[in-house]
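Structure record follows, encoded as structure tokens.
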Amino acid sequence: MHIPDGFLSPQIIIITFAITIIFWIIAFKRVKGRLDERQVPLMGLLTALFFAAQMMNYPIVGGTTAHLLGGAALGIILGPFAGCISMTIILVLQAFLFGDGGLTALGANVLNMGIIGVFVPAFIVLAFNKITKGKGLLVWVFIGAFAGDVLAAIAAGAELGFSQPVFQYGLNVAVPAMAINHSVIGVIEGVVTAVLVGVLLKLRPDVLSKSSVLKSLPAVKAAQENTE
Amino acid sequence: MLNLSKKDKQMLAIGLTLAVIFVIVGVFIFAYSMETLDRQAEELGVQDSSTYQAPFPDYAILGFENEVGNILLGILSTLSIFGVTLGVAILLKKKRGSK
């Protein structure tokens, strides 16, 4: 889903960078001085893990491939602001070291994968946690991760569609193609994210106690009380 | 700077081993990449117009483009990302004693 240089119009480049820079400022302000010591190794680990996971390209439909994004897991487990910073680190290093995603498209790529792909799953899980009091959590994690991937793909398709004539396919072609193909990887993302959250809830609920998305869960609260 | 419990160290060991496995699987099994965007660009004849030359284009070491080189680069870059993120997280972390 990494958009290279030369695919976006100057207007879309400016708009996506402007939105992304606003989110970067808010994210750094929200996280600075608030990241718990227990989240530090987890943030490093999850960022490295999903950077590596993005190297696996799964065959999806019509001979195309897609890779996991990881934004859902980062947003749900670390909280969306720290998750946005983690995904930004991945995308910046991918662009500068490997030419994966263009430098002029960095704003768009962070907006799609580091903001939409992170905040959407986090808010879906947070909202349904409040309504259902944690019941069916992993189902909501799956739905959140799926929605995050598909909406990130739709955003990428829209940015390309609005970039006509630089990118000749309009919204009617770019958006459905991105959305349909990425709904397949969205299912895989949903399963992987649900498994990861499930394993952490079982084995290390204490490291989830500082996640703004999961801290209200009874198992996480109990683990937090035990460590204090 | 960073106090790691035994459980944290175990989590890091398991997680980083998993990351290395992802790199190896990515190089040997799921290496072929033709994303939707690549396919559309091919159909339209749109090309990457970047003037910036990345040091490791397509996740390969120039002149050493084989599985071993790709795995080495994959592992080193995964560890680098781990180190960079850890550094950023330490800078952002709560100061001791603060609420």
Side-chain angles (χ1 to χ4, degrees), chain A residues 1-7 28 31-49 51-53 55-59 62-67 82 85-86 89-90 93 95-100 102-104 156 160 166-169 173-174 177-178 181-182 204 207, chain B residues 2-4 7-8 11-12 15-16 18-23 25-27 29-41 43-44 46-59 74-75 77-96 98:
Chain A
M1 206 190 289
H2 297 62
I3 302 172
D5 286 318
F7 284 44
F28 274 97
V31 177
K32 195 171 187 302
R34 292 187 191 175
L35 199 68
D36 188 79
E37 193 149 29
R38 273 168 288 182
Q39 283 184 300
V40 172
L42 190 64
M43 187 167 167
L45 178 62
L46 289 178
T47 310
L49 197 63
F51 167 77
M55 289 187 190
M56 297 188 289
N57 300 293
Y58 305 97
T64 59
T65 62
H67 57 74
I85 293 171
S86 279
I89 294 170
I90 294 178
L93 291 180
F96 279 94
L97 291 180
F98 308 106
D100 194 7
L103 298 186
T104 59
L160 293 161
V166 177
F167 194 81
Q168 297 96 319
Y169 282 149
V173 177
M178 290 295 279
N181 290 3
H182 284 89
R204 291 297 309 272
V207 296
Chain B
L2 192 61
N3 288 326
L4 293 177
K7 275 183 168 180
D8 285 336
M11 182 179 74
L12 289 180
L16 290 175
L18 205 57
V20 170
I21 293 170
F22 288 169
V23 170
V25 171
V27 168
I29 302 171
F30 294 126
Y32 173 74
S33 171
M34 174 55 82
E35 293 199 24
T36 310
L37 196 49
D38 302 327
R39 172 64 59 81
Q40 289 184 341
E43 287 164 4
L44 294 170
V46 182
Q47 284 189 346
D48 184 338
S49 69
S50 187
T51 49
Y52 171 72
Q53 188 66 48
F56 307 108
D58 294 326
Y59 296 85
I75 292 172
S77 46
T78 300
L79 293 177
S80 305
I81 294 251
F82 173 66
V84 168
T85 313
L86 218 51
V88 171
I90 287 169
L91 287 176
L92 293 172
K93 135 173 118 80
K94 211 184 280 181
K95 299 238 179 338
R96 269 176 208 282
S98 66

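Nothing here was measured: the structure is a model prediction, and the numbers come from that model.
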Measure the [atom1]-[atom2] distance between [X] and [Y] for me, rounded to the nearest 0.5 Å.
X        : Y        : atom1 : atom2 : answer
A:Ile89  : A:Thr47  : CD1   : OG1   : 5.5 Å
B:Thr85  : B:Ile90  : OG1   : CD1   : 11.0 Å
B:Ser77  : A:Phe98  : OG    : CZ    : 3.5 Å
A:Met178 : A:Tyr169 : CE    : OH    : 13.5 Å

Compare every heavy atom of [Y] with every heavy atom of [X], then report the nearest pair and how far apart it is.
X       : Y       : result
B:Asn3  : A:Glu37 : N-OE2, 3.5 Å
B:Ala54 : A:Gly99 : CB-N, 3.2 Å
B:Thr78 : B:Ala19 : CG2-CB, 3.8 Å

Which atoms of [X] are under 4.5 Å from chain B, going by heavy atoms: the side chain, the backbone, both sets, or neither?
X        : result
A:Leu93  : side chain
A:Ile3   : both
A:Phe96  : both
A:Ala82  : neither
A:Leu103 : side chain
A:Ile85  : side chain

- Message: Looking at B:Glu43, I'd like to know if its CD atom is crowded, meaning that more than 12 non-hydrogen atoms belonging to other residues, nucleotides or ligands lie closer than 6.0 Å.
- Response: yes
Hits for side-chain hydrogen bond (donor to acceptor under 3.5 Å, both in side chains) against B:Ser50, two or more places apart or cross-chain, chain-then-number order -> A:Asp5
Going by the rule side-chain hydrogen bond (donor to acceptor under 3.5 Å, both in side chains), which residues pair with A:Arg204 if we only count those two or more places apart in sequence or in a different chain?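 Residues passing side-chain hydrogen bond (donor to acceptor under 3.5 Å, both in side chains) with A:Arg204: A:Asp206, B:Asp8.
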As an exercise: rank [options] by heavy-atom pairs under 4.5 Å with chain A and give me the winner.
options                            : answer
B:Val23, B:Leu12, B:Leu16          : B:Leu12
B:Leu37, B:Leu86, B:Leu44, B:Ile81 : B:Leu44
B:Pro55, B:Gly83, B:Gly74          : B:Pro55
B:Gly87, B:Ala41, B:Gly15          : B:Gly15

Picking from [options], which has the most non-hydrogen pairs under 4.5 angstrom with chain B?
options                              : result
A:Ala177, A:Ala48, A:Gly102, A:Gly6  : A:Ala48
A:Val166, A:Val207, A:Asp36, A:Val31 : A:Val31
A:Met56, A:His67, A:Gln168           : A:Met56

If I measure from the heavy atoms of chain A, does [X] come under 4.5 Å with its side chain, its backbone, both, or neither?
X       : answer
B:Ser80 : neither
B:Tyr52 : side chain
B:Leu79 : neither
B:Gln53 : neither
B:Val88 : side chain

In B:Asp48, B:Val46, B:Asp38, the residue satisfying side chain to side chain contact (heavy atoms under 4.5 Å, CB included) with A:Pro4 is B:Asp48
